[in-house]
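Every chain is numbered from 1, with letters handed out A, B, ... down the list of sequences.
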Amino acid sequence: MNETMAFPIEKIREDFPALHQQVNGHDLIYLDNAASAQKPQVVIDTLKHYYEQEHANIHRGVHHLSAAATDKYELSREAVRQHLNAEHSHEIVFTRGTSESINLVAYSFGKAFVQEGDEIIVSALEHHSNLVPWQILCEDKGATLKVIPMTSTGEWDIEKVEELFSSKTRLVAVSHVSNALGTVNPVEKIIAWAHERDVPVLLDGAQAVPHMKVDVQQLDCDFYAFSAHKAYGPTGVGVLYGKEKWLDQMPPYQGGGEMIKTVTLEKSTWNELPFKFEAGTPHIAGGIALKSALEYMNKVGLEEIASYEDQLLQRAVSHLSEMDGIDYYGTASHKAAVLSFLLTGVHPYDVGVILDKLGIAVRTGHHCTEPIMQYFGIPGTVRASFAFYNTFEEVDRFAEGLKRAQRMLS
Amino acid sequence: MSIQEAQEELIEEFALFEDWMEKYEYIIDLGKDLAPIDEANRMEENLVKGCQSQVWLAADFDGNQLTFQADSDAIITKGIVSMVTRVLSGHTPQEIVDAELFFVDQIGLKEHLSPTRSNGLVSMIKKIKAYALAYSMA
């Protein structure tokens, strides 16, 4: 393990004010990054500056502030396009988050393309956000959900994937990276299989964008959803990337200002992409600050982030492997920096409470992936999820805290 | 012993502990000492669901007093529910309806009374109060 690498961890930590506080008398160790990441000062400053100096509603006003805010908001859309390497900025739709992005597709794509008897493919590894919208759609339309089964290592049972396709398959909706287990799914394979059959693919990228380079053209996915707040940006902002050819054919998701071209009392016509899908006044400050978050990540370097986070994970795995009585969940060979486990015979809630008393924030519970927990027959797991601002020393203290929890609870 | 006195007794017990760790070790011991709920009572309708840990709660009314049996899948929650049943069991429905529970806060476990912690304890107390209210009106 190379700890003397040139990763500028001290400088990075200075940029995140929330990391410098005490919780229950201990220096905070924040290992709940898969739920939401802390914000760098530049993101906070962008939000503050917007509300202090730049606020006006966008896309309508002729006055200076409105024009300036509109420019900044649209520059952010362009920054997202570049970050995902989408072909056009009008393929980037701003939403409230990953869940809304997926709900948008379920509603709009579903309305246009899904009929009774059709089939949607998801996987057993999905977050509820990428499961429930499809269940609702299937119930509404009389369609069927087909589920890629999971193996004991927390990976797709890849040999079962192709047989799920049929002439009735209308869409594949799967996660790029599992939030509960950290598994990086072989999405390239499923996209190839789907496209051989002219079936579009939606990727839930909530857990991928904060940790790796995502290139939607290289992936050739048809839809890609992520949330700003997991990628060091503000809450309440998300992105839906969709290929123009699909977005063009999909009806609007919600009605209201911005999404219309003309309105009479009898009938309305829709605005062009992406505004067709952006009804009402959006989270303007959040949209603008998302650009700051993406710029920050790019400044650190996406490859450097992935490599450093993997070292954090390996160090944690190495510590835990020296302990007895640890049950691991999710042991895929290709993983993001997520460690999901239980102390044998101990409820995850109890571990979470003791770690919290030591100033260590982890997630406990089912992580909104109840089917995964049902598969393993457990109430939930303890999940430590790392970000590039975590340190090796924090990983060591986490392991010590875990040993203490084990002594108390066993 | 009144509900008030039972709470004060628990607060005194906890005053002996120097730090949070000793308090939690005691709660964990209380959880281990609490007999599991009778199998017959481990049924769906006695389950109080929290987001994180689950609590089973069974009530028995002898025509005058209510007694409670409780259990949880998480040991810290189980230790705390054992204290709640110790405080509230063996009282009339009206006494339970009128009771103000302050001991969890006062022994320094306020976070467990926070509804956002979703640990089942708040739901359990609500359910106990609902039982008591129903019997007090019967």
Would one find more than 12 heavy atoms of other residues, nucleotides or ligands at under 6.0 Å from atom [atom1] of [X]?
X: A:Gln22; atom1: CD; result: yes
X: B:Lys32; atom1: NZ; result: yes
X: A:Arg397; atom1: CZ; result: yes

**Prompt:** Are A:His347 and B:Ser53 side-chain neighbours, meaning at least one heavy-atom pair lies under 4.5 Å?
**Reply:** yes
**Prompt:** Is there a side-chain contact between A:Leu409 and B:Tyr24 (heavy atoms, below 4.5 Å)?
**Reply:** no
**Request:** Please name the pair of heavy atoms, one in B:Ile75 and one in A:Asp350, separated by the smallest distance, quoted to 0.1 Å.
**Result:** N-OD2, 2.6 Å
**Asked** Where do A:Met408 and B:Glu25 come nearest, in terms of heavy atoms and distance?
**Response** CE-CG, 3.7 Å
**Asked** Given that the side chain runs from C-beta out, which part of B:Thr77 has a heavy atom under 4.5 Å from chain A: side chain, backbone, both or neither?
**Response** both
**B:Leu30: partners by side-chain contact (heavy atoms from CB on, under 4.5 Å), with sequence neighbours left out** = B:Tyr26, B:Ser82, B:Met83
**Prompt:** Pairs in or reaching into residues 361-370 of chain A: which pass salt bridge (Lys or Arg N to Asp or Glu O under 4.0 Å), with residues at least two apart or in two chains?
**Reply:** A:Asp32-A:Arg363
